[in-house]
Amino acid sequence: MPSDIRVRIAPSPTGPLHIGTARTALFNYLFARHVGGTFLLRLEDTDVARSTTAFEKDILDGLHWLGITWDEGPGVAGVEEAGPYAPYRQMQRLDTYAEAAARLLLADRAYPCYCTPEELDADRRAQEAAKEAPRYVGRCAALTPAQRAAREAQGRRSVTRFRVRPGVVGWNDLVRDRVEIDTSNLGGDFVIVRADGTPLYHFTVVVDDAAMAISHVIRGEDHVSNTPKHILLFEALGYAVPVFGHLPLILNPDGTKMSKRKSQTAVADYIAQGFVREALVNYFAFLGWSPGTEEEVFSLAELEQRFELEKVQKGGARFDRERLEWLNGQWIRRLDDDDLIGRLLPFLEAAHVAGQIDRLPPEGELRALLPIVRERLPTLATIVDLVGYLWVDELDVDPALLRPRRWDAATTLAGLAAAREAIAAHDAVTWEADELEPPLRALAEARGWRAGDLFMAIRVATTGRTATPPLFDTLVALGRERTLARLDAAIVRQGAVVRG
RNA sequence: GCCCCCAUCGUCUAGAGGCCUAGGACGCCACCCUUUCAAGGUGGAGAUCACCGGUUCGAAUCCGGUUGGGGGUACCA
């Protein structure tokens with residue numbers, strides 16, 4: 001059912017895709033999909049000094065990776081740019097802003113301001129000293145044409161300032177109901193065009209949202225105090241004012257606004273650590289929203305179906321990595337074999353390149369491992385820690401770990417030797433987990449050892465670790481040859497320990 | 001400082017006047033399962049619903065104030 005509801009995400013390519021941006025994009029996307037509206041992406045690249053195409057790529061790639069798709073904007077379905085309101089990059093829309101600014105100037109809703117940064121700075125300091133709120137003093141607000149001409153003649157450059165009218169601006173916010181702000185708190189007439197002619201955020205966002213027929217502006221709570229400025233601009237330009245909805249912020253664990261300093265904010269970093277898109281999307285959705293039921297695990301498709309702006313929380317939500325990891329485990333367990341293999345491979349390749357493993361397992365070998373690793377992966381990257389020892393040539397075993405707590409050095413040596421013999425008795429045909437186990441249990445019983453101690457000695461000797469997937473499955477994965485070779489190496493080492 | 005917003009277990013939240021002796025999930029603890037680690041199961045600790053005052057027969061839910069926290073206050077977005 002088509003709808004004329006149009007929403008957007010408007011990232012600025014001045015940094016890598018931030019978790020907050022991803023979450024805002026997700027909420028806009030879910031809202032649009034839920035109501036059958038249109039979701040578009042617009043690049044706000046007017047901060048030329050800080051914008052880069054590398055960041056732009058990171059943002060688009062990251063959103064795509066999450067499974068968030070947009071109907072209009074750069075990178076739709078592999079196309080450079082698509083949609084009836086193109087271009088969707090602000091630096092390519094400069095004429096639109098210039099036209100709008102000229103209109104405001106002509107109507108005297110805006111005026112050229114010749115104040116220098118030094119003058120402005122002095123104003124600010126004076127206000128601070130007088131304990132007044134910082135605001136533009138209006139030095140250039142009432143310049144006569146002659147005065148302006150004089151300044152131009154001096155070669156002074158001007159910015160364009162928007163006249164803020166006195167009064168109260170209010171709106172019915174989708175998540176926090178009625179909000180009203182007196183324009184006297186806006187800091188005076190604000191700049192909409194820089195001295196170099198490039199437009200500023202407050203201006204471009206309004207011009208573009210109007211030009212692109214955005215019906216609902218859904219953004220972070222940090223924009224609440226900007227909204228009056230935007231409404232004033234919509235009105236001055238003669239545009240319909242869209243509906244606003246301000247989402248609660250994602251907070252650092254200490255409750256402050258999420259920052260790079262205190263949290264990991266780049267989506268790319270989460271990807272690199274082995275979080276799966278399903279978990280990230282699921283987690284982001286539940287930061288500030290809940291279905292009102294006790295269900296916790298939702299796919300993107302389910303979210304599209306269930307998401308309602310009405311159920312969005314008002315207060316900010318702290319980022320809880322433990323909970324994200326739990327959800328990640330939930331989703332990893334739900335992936336089918338082919339899918340999981342495809343996602344694991346890049347992490348093994350990276351470990352191979354980094355020299356953490358000496359060999360890359362063929363797909364079949366990895367597939368056979370899935371039943372014993374799937375439940376043990378909080379993130380994809382942990383595959384290397386979990387079973388990386390299967391693919392290293394030289395196993396590094398900590399001698400202190402080789403001896404089980406309850407055993408002495410001699411018992412350890414005897415145990416390993418006896419285990420080696422029992423294991424060597426198997427041929428390729430009986431190299432199976434349930435064939436390997438009974439003889440070793442019998443051996444432990446015959447010698448009066450605890451099976452767990454024997455198994456631990458074998459585990460450490462063959463994997464170098466005290467925590468692994470089930471031992472016999474691990475040995476099967478390791479292979480007869482490597483298992484025996486590692487036991488031999490351990491026996492030699494332990495023999496040296498016993499002899500002192 | 002000024003403006004705005006918010007306020008239920010440590011964390012994410014359910015709750016839209018009686019169903020709440022406040023439910024779920026993460027985390028934590030214990031037990032079960034068990035060769036280790038996980039996963040899973042069972043149970044437990046954990047919230048005087050920030051505080052005070054109203055409204056009401058009745059308030060976590062409505063109103064006011066206080067306190068606390070957060071956001072904003074650019075020729076950044």
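Being a predicted model, the structure only gives us computed values, none of them experimental. Lettering follows sequence order; numbering is per chain, from 1.
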Taking atom types as modelled and ignoring hydrogens, do the side chains of [X] and [Y] form a donor-acceptor contact shorter than 3.5 angstrom?
X        : Y        : result
A:Asp189 : A:Tyr111 : yes
A:Thr468 : A:Arg459 : yes
A:Thr265 : A:Ser263 : no

Base, sugar-phosphate alone, or nothing: which one does [X] contact when heavy atoms must sit under 4.0 Å apart?
X        : answer
A:Ile181 : sugar-phosphate
A:Pro469 : base
A:Gln313 : sugar-phosphate
A:Gln90  : nothing

In Watson-Crick or G-U wobble terms, both distances under 3.5 Å, what is the partner of [N]?
N      : value
B:rU67 : B:rA7
B:rC75 : none
B:rU55 : none

Tell me whether [X] contacts the main-chain N or O of [Y] through its side chain, where contact means a donor paired with an acceptor under 3.5 Å.
X        : Y        : value
A:Glu325 : A:Glu322 : no
A:Asn252 : A:Gly255 : no
A:Asp209 : A:Val206 : no

Could you check how far [atom1] of [X] sits from [atom2] of [N], rounded to whole Å?
X        : N      : atom1 : atom2 : value
A:Asp473 : B:rA38 : CG    : P     : 17 Å
A:Leu232 : B:rC3  : CG    : C1'   : 15 Å
A:Phe298 : B:rG24 : CZ    : C1'   : 13 Å
A:Asp177 : B:rC4  : CG    : P     : 16 Å

**Prompt:** A:Phe203 and A:Phe162: aromatic ring centres closer than 6.0 Å?
**Reply:** no
**Request:** Please find out if less than 6.0 Å separates the ring center of A:Tyr201 from that of A:His223.
**Result:** yes
Compare the minimum distances between each of [options] and the side chain of [X], then state the nucleotide with the smallest one.
X        : options                : answer
A:Arg323 : B:rA25, B:rC6, B:rU36  : B:rA25
A:Ala467 : B:rA77, B:rA25, B:rC37 : B:rC37
A:Val179 : B:rU13, B:rC5, B:rU35  : B:rC5
A:Ala133 : B:rA77, B:rG24, B:rG1  : B:rG1
A:Pro470 : B:rC26, B:rU35, B:rG15 : B:rU35

**Item:** A:Arg176 (side chain) and B:rC5 (base): donor-acceptor pair under 3.5 Å
**Value:** no
**Message:** So, applying ring pair (Phe, Tyr, Trp, His ring centres under 6.0 Å) with A:Phe298, which one of A:Phe286, A:Phe307, A:Trp331 is it?
**Reply:** A:Phe286
Taking the [atom1] atom in each of [N] and [M], what is the distance between them to the nearest angstrom?
N      : M      : atom1 : answer
B:rG46 : B:rU13 : C1'   : 15 Å
B:rG40 : B:rG64 : P     : 46 Å
B:rC57 : B:rG71 : P     : 43 Å
B:rU8  : B:rG15 : C1'   : 9 Å
B:rA22 : B:rU48 : P     : 11 Å
B:rC6  : B:rC19 : C1'   : 29 Å
B:rU55 : B:rU61 : P     : 15 Å
B:rA14 : B:rG53 : P     : 28 Å

Are more than 12 heavy atoms from other residues, nucleotides or ligands located less than 6.0 Å from atom [atom1] of [X]?
X        : atom1 : value
A:Arg156 : CZ    : yes
A:Glu308 : CD    : yes
A:Arg178 : CZ    : yes

**Request:** With a 4.0 Å heavy-atom cut-off, tell me which residues in residues 283-290 of chain A come close to RNA chain B, sorted by residue number.
**Result:** A:Phe286, A:Leu287, A:Gly288, A:Ser290
**Item:** Contacting residues from residues 433-448 of chain A, given that a heavy atom lies under 4.0 angstrom of RNA chain B
**Value:** A:Arg441
**Request:** Using heavy atoms to find the nearest nucleotide of RNA chain B for A:Glu132 and A:Arg376 separately, return the residue whose nucleotide is more 5′.
**Result:** A:Glu132
**Asked** Of A:His202 and A:Asp182, whose closest RNA chain B nucleotide lies nearer the 5' terminus?
**Response** A:Asp182
**Request:** Test A:Leu340 against every option in A:Asp336, A:Asp337, A:Leu344 by the side chain to side chain contact (heavy atoms under 4.5 Å, CB included) rule and name the one that passes.
**Result:** A:Leu344
**Asked** What does nucleotides 65-76 of chain B look like as a protein-contact string, B for base, S for sugar-phosphate only, - for none, at under 4.0 angstrom between heavy atoms?
**Response** -----SSSSSBB
**Request:** Would you tell me if any nitrogen or oxygen in the side chain of A:Arg333 comes within less than 4.0 Å of OP1 or OP2 on B:rG40?
**Result:** yes
**Request:** Examine A:Arg157 relative to A:Tyr114 and say whether NZ or CZ is less than 6.0 Å from the centre of the six-membered ring and inside a 45° cone about the ring axis.
**Result:** no
